[in-house]
Amino acid sequence: MSDTDPALMSAEQLLALYARRRLSPVEALQAVMERVARYNPWVNAFAMLNPRALAQAGESEARWSAGRPMGPLDGVPVTVKDLLNVQGMPTRRGSKTTDATPATEDAPAVIGLKAAGAVIFGKTTTTEFGWKTPGDCPLHGISRNAWNPQRTVGGSSSGAGAAGAAGFGPMHIGTDAGGSIRIPAAYCGLVGMKPSYGRIPQWPHSAFGQVSCAGPMTRSVRDAALMMSAMAIPDLRDPFCVQEEPRDWRAGIEDGVAGLRVAVVRRLGYAPPIDAEGEAAVLAAARVLSEHGAIVEDADPELPDTRHIFGRVWGVALARLVNTMAPEKRALLDKGLEEVAEREGGMSAIDFLGAEAMRTEAAHAMARFHLKYDLVLCPTTPTAAFDADAPTIKPTEALWRDWAPWTFAFNLTRQPAITVPFGLDEEGMPRGVQLAAAQLRDDLCFRAARVLERAVAVPVARPEAQGNGASCANHHHH
């Protein structure tokens, strides 16, 4: 495998080659589809492929030949998580309770990517309704990690993580209500950006509409910024979207961190767990930022206990979802989802509004904290990717112990947070570190992530080196 494989190039590299007529969008898509044919049987990244993708790549090629590319992503292969609508393709949400009727309109983020000329070649798997971190769902089974098929890709943007790590093109849309972009990105060695709430419009809003965001999952920070530029276009369908002029989020991305104040945060209203290798990664990242002129110190934003807030928001959203279903459909649900819905479904309105008030308190505490600090640096996940085949036990505890203890607080506070790959652990699995900034300061996340990315080169996963039985037995090992 070499850097000359278009499937492994960044979007920026592809676009530069298209512009110089050194590569065509059709060739790029064919390279991606060859890898999909080879590795998807065991990483299981797709809910479905788009039968019209090759024709769309051909249209892009014709535009490039005429010297008239349609937009900043013309001909770049992109995937969309199967929680978002893509016109003409069904939205199954990882669930046997949904039907296969094709969507009649595109989600806002999809409209933005299509307008930029991106070629959407497939929809990626998600945990059922995006409810959990382990990367499996009743409809499509288990998605696996290209770094090691025994390990999970994480979720709920499981297929996007699998596709990014396996080299199925440069850009993937994930969604994130409690860490669903950042967790799989960290497990799979990708950059994952959860933008400020409302930055990328959403419609229809999901079960977790109050905290959920769509965002980019890519192999480079600049690609994440480029992808966000195409997705962050205001849309009238979303009453909560940020009304700002579209911009190229790569502007200023190389400005570095000199003079920025960075807080290394170890408490989010409680002490989330972190293993030794995760802690070492955060300290190493702190040193890099410091060497680049940032003022780095330990600090505590003194949040209320975010576990109690998020557990309620999450549980009530799932209960509401389950309560709208006919009993015969409920029998088809992921058992853990039903368990959480049952456990939290009896909550009083007073309790729920109490959680909402605490959420506002947490957002207020973070906003005050950001008067002093430009950025928060903390782990993305408590460990590297765990076993893909492990059953989901006690999901409510797992949420704030094993899955999302470092990520969900930033959904509650609605501020931007990015995870950037920061080396491999002793078992050769990727680790990520997380940076968060004040609401609407997504630019600072990109700038600091770019500094970290340049400091630590993370190799590309080598699915061909995985000796996982018959599916790879016929591939030569280097």
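Keep in mind it's a predicted model, so treat the numbers as computed, not measured.
Under 3.5 Å, the side chains of Lys132 and Thr392 contain a donor-acceptor pair of N or O atoms. Counting only N and O atoms by type, the side chains of Thr79 and His172 include a donor and acceptor under 3.5 Å apart. Between the side chains of Asp176 and Asn411, at least one donor N or O lies within less than 3.5 Å of an accepting N or O. Ser157 and Lys81 share a side-chain donor-acceptor pair at under 3.5 Å. Under 3.5 Å, the side chains of Thr98 and Arg92 contain a donor-acceptor pair of N or O atoms. There is no side-chain donor-acceptor pair under 3.5 Å between Gln415 and Tyr197. For the residue pair Ser156/Ser180, the side-chain donor-acceptor check at 3.5 Å is satisfied.
Applying the side chain to side chain donor-acceptor pair (under 3.5 Å) test to pairs two or more places apart or on separate chains, those with a residue in residues 184-196 are Ser196-Asp442. Counting only residues at least two apart or on different chains, the ring-ring contact (aromatic ring centres under 6.0 Å, His included) pairs with a member in residues 214-248 are His205-Phe240.
With contacts defined as side-chain heavy-atom distances shorter than 4.5 Å, the pair Thr407/Gln434 qualifies. Put simply, the side chain of Ile173 reaches to within 4.5 Å of the side chain of Leu84, judged on heavy atoms. Looking at Val264 and Val282, their side chains come closer than 4.5 Å, going by heavy atoms from C-beta outward.
A salt bridge is defined here as a Lys NZ or Arg NE, NH1 or NH2 lying under 4.0 Å from an Asp or Glu carboxylate O, and Asp275 with Arg431 meets this definition. For the pair Glu61 and Arg21, the salt-bridge criterion is not met [side-chain N within less than 4.0 Å of a carboxylate O].
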Let's go through Trp131 and Asp334 carefully: what are the C-alpha distance in whole Å and the side-chain angles of both, what is the deciding distance for side-chain hydrogen bond (donor to acceptor under 3.5 Å, both in side chains) to 0.1 Å, and is it a yes or a no? CA-CA 10 Å; Trp131 84 277; Asp334 191 330; 3.2 Å; yes

Side chain to side chain contact (heavy atoms under 4.5 Å, CB included) between Leu435 and Leu452, worked out: CA-CA 10 Å; Leu435 294 152; Leu452 294 182; 3.9 Å; yes

Evaluate Arg447 against Glu254 for salt bridge (charged side-chain N to carboxylate O under 4.0 Å, His left out), listing each step before the verdict. CA-CA 6 Å; Arg447 269 169 61 183; Glu254 306 294 345; over 6 Å; no

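Formation of a donor-acceptor pair under 3.5 Å by the Arg199 side chain with backbone atoms of Met231 is not found in this model.
Shown here are the side chain to side chain contact (heavy atoms under 4.5 Å, CB included) partners of Arg68, two or more places apart in sequence or in another chain: Ala66. Checked against side chain to side chain contact (heavy atoms under 4.5 Å, CB included), Gln439 has the following partners two or more places apart in sequence or in another chain: Arg414. Residues satisfying the salt bridge (Lys or Arg N to Asp or Glu O under 4.0 Å) criterion with Glu453, sequence neighbours excluded, are Arg450. The salt bridge (Lys or Arg N to Asp or Glu O under 4.0 Å) check on Asp255 picks up nothing, with sequence neighbours excluded.
Listed here is the closest heavy atom pair of Pro301 and Ala299: CD-O, 4.0 Å. Nearest heavy-atom pair across Val451 and Gly256 is CG2-CA, 3.8 Å.
The neighbour count for Arg22 CZ, taken as heavy atoms of other residues, nucleotides or ligands under 6.0 Å away, does not exceed 12.
A cation-pi contact, defined as under 6.0 Å to the ring centre and within 45° of the axis, is absent between Arg151 and Trp147.
Ring centers of Phe121 and Phe46: under 6.0 Å apart, within the cut-off.
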